[in-house]
Amino acid sequence: MSKTLWKTGLTAAALGLLLAAAATAQKITFKDPTGDDNGPGGYTYPTDSVYKRGSFDITEFSVNKKGDKVDFDVTVNSPLEDPWGMKTGFSTQMIFIFIDTDGKEGSGSTDAPPGLNVKFAPTDAWDRLVILSPQPPGRVKDEVGQKAAAMQSSILVPNRVKGAGRTISGTVDLAQLGGGDPSQWGYQVVMQSNEGFPDKADLLTRKVNEYEGQHRFGGGTDSDCDPHAIDVLAGKGAGGADEVQAQHDMLKYECNPDGTAKSGAVLKMVRK
C-alpha cells in the first residue's frame, strides 16, 4: 500500500472511485448584480406582502454536472418562503433556464414560451429549456403541452424542484439535455412569478401591468407588449455593475399606439 493510501485510509479501489467521480463532476457558476430585479429598469413589485423585496432578484446561477445528472441552482437576494403552501420550499417564483447547447446560429429557437414576451438573438437561440416551478410537475407538463406544444420536446420539467434558504434547485438527466459538456454551453435565466390562474395563453406566468397591483408587477404596460421578465443574466455573468445596464438594454421595448409591439426584448446568452 502506498504512503498516500495509507495516510488517507483508502483502498486503491475506493480512491479510484473518488477520482472517477471528480473527473465526471463539473460545476460552473454565474453571478448577477443585486438590485436589478426591475426588468428593463422601471418594474415594481406587487403590493401583496407575499412578494418579498429581493425574492425575484437573481444573485447566482450554477450548473453542476454529476455523472449522468445535471443540477441547476438559482439563488435570490431574499430568504425563500412558501406562503401558498406549495410544499416545495417556495411559492411565488418561477424560473426559466434557457440553454444553448451547440452554439450554432440557425439551430434552436429564438422564440420563448407564451407569457414571457421575449425573444432571443439568432446567435443565442436556445436548444433546451428547464423550468423550475413550485407547481406539481404534472401540471407544468400539461400546460406546456397545451400552450407550447411546438416546443414541448425541448422543454424539461424536473421531477422534483425544491427551495432551501435562498436557492431554488432542480435536476435533470444529462441525456435529456442532449449530452455533452455543460461548461461549454450558453445560458440565460429568466425570473418570473408563479401564476396559478394565468391568462389562457400564458405558460403559468404573471403579467406586468402599467401599475402594480396586489398580484401584478407594475412599471410596464396594460397592452401586453412589454417583456414579462423581472430579472435576467447579462454581460459576462460576473455580477459587475455594468451588467445592470446590459440587462436594461436587452429588455428594452417600444409599443405602437394600438398597443402592439413595435420593438421587443431580445435576450443573449452568458457563457464561460
Side-chain angles (χ1 to χ4, degrees), residues 31-61 72-97 113-118 131-137 139-140 143 157-158 160-170 189-234 239 243-244 247-248 251 253 265:
K31 302 288 186 179
D32 193 62
T34 58
D36 63 340
D37 47 343
N38 53 15
Y43 285 1
T44 55
Y45 275 46
T47 59
D48 196 289
S49 61
V50 300
Y51 304 93
K52 301 295 184 182
R53 295 300 178 266
S55 60
F56 295 87
D57 187 7
I58 301 168
T59 60
E60 184 175 291
F61 167 61
F72 296 94
D73 298 314
V74 180
T75 301
V76 297
N77 196 26
S78 178
L80 296 169
E81 297 180 358
D82 188 9
W84 298 333
M86 304 299 293
K87 299 181 181 180
T88 54
F90 70 107
S91 286
T92 59
Q93 298 84 357
M94 183 170 180
I95 299 169
F96 294 79
I97 303 170
L116 291 180
N117 292 4
V118 300
I131 298 178
L132 304 184
S133 169
Q135 296 279 348
R139 184 184 180 191
V140 180
E143 291 272 331
V157 180
R160 181 171 180 256
V161 177
K162 66 177 182 178
R166 298 181 179 220
T167 301
I168 296 170
S169 307
V189 179
V190 176
M191 176 62 73
Q192 235 285 330
S193 179
N194 168 42
E195 172 61 88
F197 305 95
D199 185 84
K200 62 181 180 180
D202 292 350
L203 185 58
L204 296 171
T205 55
R206 190 174 305 280
K207 291 184 179 298
V208 179
N209 288 346
E210 182 175 1
Y211 300 104
E212 68 269 23
Q214 183 181 6
H215 296 289
R216 286 287 181 267
F217 290 88
T221 73
D222 294 337
S223 55
D224 210 30
C225 65
D226 52 344
H228 296 164
I230 310 307
D231 197 5
V232 300
L233 299 181
E243 293 171 5
V244 176
Q247 170 182 307
H248 294 169
L251 293 176
Y253 68 97

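All values below come from the heavy atoms of this structure, side chains included, with hydrogens, waters and symmetry mates left out. Only a predicted model underlies this, so the values are computations on that prediction, with no experimental measurement involved. The chain is numbered in sequence order, starting from 1.
Within the 4.5 Å cutoff, the side chain of Asn77 has no heavy atoms near those of the Asp37 side chain. In this structure, the side chains of Phe56 and Asp231 stay at 4.5 Å or more apart for every pair of heavy atoms. Taking 4.5 Å as the limit, some side-chain heavy atom of Ile131 sits within range of a side-chain heavy atom of Leu203. Between Asp57 and Met191 the shortest side-chain heavy-atom distance does not fall below 4.5 Å.
Residues passing the salt bridge (Lys or Arg N to Asp or Glu O under 4.0 Å) test with Arg216 are Glu195, sequence neighbours excluded. Scanning for side chain to side chain contact (heavy atoms under 4.5 Å, CB included) contacts around Gln135 gives Met86, Ser133, Arg139, Val140, Asn194, Leu204, with sequence neighbours left out. Considering only residues two or more places apart in sequence or on other chains, Glu60 meets the side chain to side chain donor-acceptor pair (under 3.5 Å) condition with Lys31. Here Asp73 pairs with Ser62, Thr167, Ser169 under the side chain to side chain contact (heavy atoms under 4.5 Å, CB included) rule; sequence neighbours left out. For Pro83, the side chain to side chain contact (heavy atoms under 4.5 Å, CB included) partners at least two apart in sequence or on another chain are Val50, Glu81, Ser91, Thr92. Residues passing the side chain to side chain contact (heavy atoms under 4.5 Å, CB included) test with Pro33 are Asp36, Glu243, Val244, sequence neighbours excluded.
For the side chain to side chain donor-acceptor pair (under 3.5 Å) with Tyr51, the lone residue among His215, Glu212, Gln93, Gln214 that qualifies is His215.
Between Tyr45 and Arg53, the shortest heavy-atom contact is CB-NH1, 3.0 Å. Residue Ala265 comes nearest to Leu251 through the heavy atom pair CB-CA, 3.7 Å, listed as atom of the first residue, atom of the second, then distance. Between Val232 and Asp32, the closest heavy-atom pair is O-OD1, 3.2 Å.
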